[in-house]
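These notes are about the structure you will find just below.
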Amino acid sequence: MARAIMKLENINAGYEKLQTLFDVTLEVPEGEITVIVGPNGAGKSTLLKTMFGLTKVYTGRIVFDNKDITKLPPHERAKLGMAFIFQLENVFANLSVRENLRLAGHDLPPDVLEERIREVFETFPRLKERVDQKAGTMSGGERQMLAMAIGMIRKPKIFLIDEPTAGLAPKLAKGVLENVKRLNEQGYTIVLVEQNVKAGLEIGDKGVLVVNGRIAFDGPASELLARKDLARLYLGVGGR
Amino acid sequence: MVDLNLLMSTTIYGSVLALLALGITIIYMTTKVFNFAHPRLSLVGAYLAATAMAVYVQHAGIKPNFEGSQVLGGQLIVPYPASVYIIGFLVAMVGGVLAAMFEYYVILKPLLKRGADFLKLMIATLAYDFLLMAVLLLYNTHVWIKKTLKDGLNLIATKMDFSAYDFALITQGQTYISGGFILAVAVTVVLALSLYILLFRTTLGIKMRASVENPPLAEVLGVNVERIYAISWIISGLTAGIAGFLMLLEPSSGSLKPISATSPADEIVVSAFAGSIVGGVNSIFGSIFGGFFIGYVETYVTNWLALLLGMKELFKYSRVVSMFIVGLTLMFAPQGVIALLREKKVVDRILGFVKGRRGEK
């Protein structure tokens, strides 16, 4: 099994006084896609946000790349090689595509940044065509493309992606998940929260089921996909 | 005929309002705080600058050259060397920044950390405003007046006179070009251009715009949003301090004196917020436009009404004009005049109207 690039140990977390995660222990294997699924309001996005320091951790410990990051603010975690892609509002609508990319790589040397921008344009040629266009004027699919490009600029060690297909047409959603898979093939570790359970687990290596803020399943994605009992109980799929 | 003195003093006043509105807007955009203490921050700059200038004048052996002074256009112009103004300018900026940083770090940041909402923050800025008012009044009454009386500087003995430092650049008979007027326009233009370059041509500017638009996203991209907020407060304090310095230069012959010894900044707060609202509380350049707009309209409409009705005391109520404009703006263009112009259909309508007029001719 691959080395765990991130470990959550007995995490209790939430938003100020509202606790939403209870005693969560989880390992994220390096170079793999970990897919987090669960019913609405189960705490999937909170779990992802907790990994990035966007919630309040009451007790427990988070280790990333052998470093305790439990108390680090999000901007410091970004510098350690973590990237977070929000479900909504994941690009700066009032900034152009180039400005979005420049911001993402703001602490890189200028020549490295230009090289990285060239690289993401090779992966997403559509963005190159719209380099001076404001992100707010682009389509949903193009925005998701830009959101991933923003994440790629810093060549992070891990991508945390929150429901990238939410609100997209099925065809566009399929394209977005293909892009996630392509990112993983380039060597990036990915933690993906996905509403579309089947499509998400199909591209995943590891599957995590969250129910009421607790981990109900942690194992191979294919095994979770095959567990009809869990799927029927918590995910609304898997037949009668 | 254009009253040159009125135009010059109004322009200085407009610059002061533009800078104050700019500071109010920057803070509202970044931290979503309506800073009622902002005009008072400019007074901290003004008082400190006036003090530094007076102390410097006294200790460097520079005597106000009353023999070389001239009464031009009804205004006593006492020449001072340039170093006096440079010191005043620098001290005003430092004063404004320090007062703003105190407000952010000591009052607002702890409240923000405790999750204080918009209303609590607004009340906190009001409390800080009262605190500053009390401190400045105490200073004015018990330190400044006593000291200046003792030293025999009678020119500024009865109150902190914010018109004592204007200077003439060009004189032609009784007509003169006010140095304060040139300086006010130059400072505002340079500041607006610098701000444009900072916001749209630098990485820091992109970070600032990003932090305003979506703080959590900026944070996950490695931007220290708290530091960006602090920088915004520094810029806001800087503009307040500069506005305070410009207050020292406004000729007293102007129709509007923003300050009186007993109620400093109580009145100008209305006009400064009016400038910010008219320009649009989310538009930096709109606020500069709004400040000048309010400055000119307030002065000239009051002037016109006073002449029309033969009531000189009408000037006391000039802020009513600002309130009226704020009312109209909130009713018809709540996003501010600049946002209205940005809407394509409005521009199209104006262009269509212009083309139609041309066609008729």
Side-chain angles (χ1 to χ4, degrees), chain A residues 15-18 45 48-49 51-56 72-96 98-110 113 134-136 143 146-147 149-154 156 158-162, chain B residues 25-26 28-32 109-117 120 195-232 280-286 335-336 338-339 341-344:
Chain A
Y15 302 97
E16 293 307 321
K17 286 173 186 169
L18 179 69
S45 292
L48 204 68
K49 286 176 181 166
M51 292 177 182
F52 212 95
L54 295 165
T55 61
K56 194 175 172 70
L72 278 190
H75 67 268
E76 293 290 344
R77 297 186 196 212
K79 284 174 188 162
L80 289 177
M82 294 174 71
F84 192 101
I85 300 179
F86 285 97
Q87 175 187 353
L88 299 166
E89 296 179 0
N90 48 21
V91 297
F92 295 102
N94 291 321
L95 302 187
S96 68
R98 181 182 292 283
E99 285 177 329
N100 268 283
L101 296 173
R102 266 184 69 191
L103 179 75
H106 62 89
D107 49 0
L108 296 173
L113 177 60
K134 280 195 175 177
R143 283 198 206 193
L146 178 58
I150 286 172
M152 284 169 70
I153 284 284
R154 304 169 72 90
I158 190 169
F159 267 99
L160 309 179
I161 308 176
D162 191 9
Chain B
T25 298
I26 287 173
Y28 179 73
M29 283 174 74
T30 50
T31 38
K32 297 285 173 235
K109 205 175 163 190
L111 286 174
L112 280 166
K113 280 203 165 166
R114 285 176 200 167
D117 60 13
K120 283 182 189 139
L195 215 58
Y196 176 82
I197 292 167
L198 173 77
L199 285 174
F200 295 97
R201 293 283 180 269
T202 67
T203 306
L204 176 63
I206 297 177
K207 283 185 195 176
M208 290 180 79
R209 284 155 59 207
S211 301
V212 167
E213 188 187 325
N214 191 338
L217 182 57
E219 184 80 22
V220 302
L221 292 179
V223 176
N224 189 342
V225 174
E226 274 197 13
R227 188 179 296 160
I228 297 291
Y229 289 166
I231 292 171
S232 306
V281 286
N282 282 314
S283 168
I284 282 178
F285 298 104
Q335 298 296 314
I338 294 292
L341 289 175
R342 271 200 211 118
E343 279 182 33
K344 199 171 174 293

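Protein chains get the first letters and strands the later ones, always in sequence-line order, with residue 1 at the start of each.
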Inset, instruction - Mind listing the closest non-hydrogen atom pair of B:Ala210 and A:Leu103 along with its distance? - result: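 Closest pair (atom of B:Ala210, atom of A:Leu103, distance): CB-CD2, 3.4 Å.
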
Legend entry - B:Leu217 versus A:Phe92, closest heavy-atom pair with distance: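 Result for this residue pair: CG-CZ, 3.6 Å.
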
Take atom [atom1] in [X]; do more than 12 heavy atoms of anything else shown fall under 6.0 Å from it?
| X | atom1 | value |
| --- | --- | --- |
| B:Gln335 | CD | no |
| A:Lys134 | NZ | no |
| B:Lys32 | NZ | yes |

Gap between atom [atom2] of [Y] and atom [atom1] of [X] - 0.5 Å precision:
| X | Y | atom1 | atom2 | result |
| --- | --- | --- | --- | --- |
| B:Ile206 | A:Arg98 | CD1 | CZ | 10.0 Å |
| A:Glu99 | B:Thr203 | CD | OG1 | 10.0 Å |
| B:Lys207 | A:Arg102 | NZ | CZ | 11.0 Å |

What part of [X] lies closer than 4.5 angstrom to a heavy atom of chain B: side chain, backbone, both or neither?
| X | result |
| --- | --- |
| A:Asp107 | neither |
| A:Phe84 | both |
| A:Ala93 | both |

Inset, instruction - Give, as side chain, backbone, both or neither, the part of B:Glu219 having an atom under 4.5 angstrom from any heavy atom of chain A. - result: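 Both parts, heavy atoms under 4.5 Å.
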
Inset, instruction - For the residue pair B:Val223 and A:His106, establish whether any side-chain heavy-atom pair is separated by less than 4.5 Å. - result: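 Yes, their side chains come closer than 4.5 Å.
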
Inset, instruction - Could you check if a side-chain atom of B:Arg209 sits within less than 4.5 angstrom of a side-chain atom of A:Leu95, using non-hydrogen atoms only? - result: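 Yes; the side chains approach each other to less than 4.5 Å.
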
Inset, instruction - Mark yes or no for whether A:Glu89, through its side chain, and B:Asn214, through its backbone, hold a donor-acceptor pair below 3.5 Å. - result: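 Such a contact is absent between A:Glu89 side chain and B:Asn214 backbone.
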
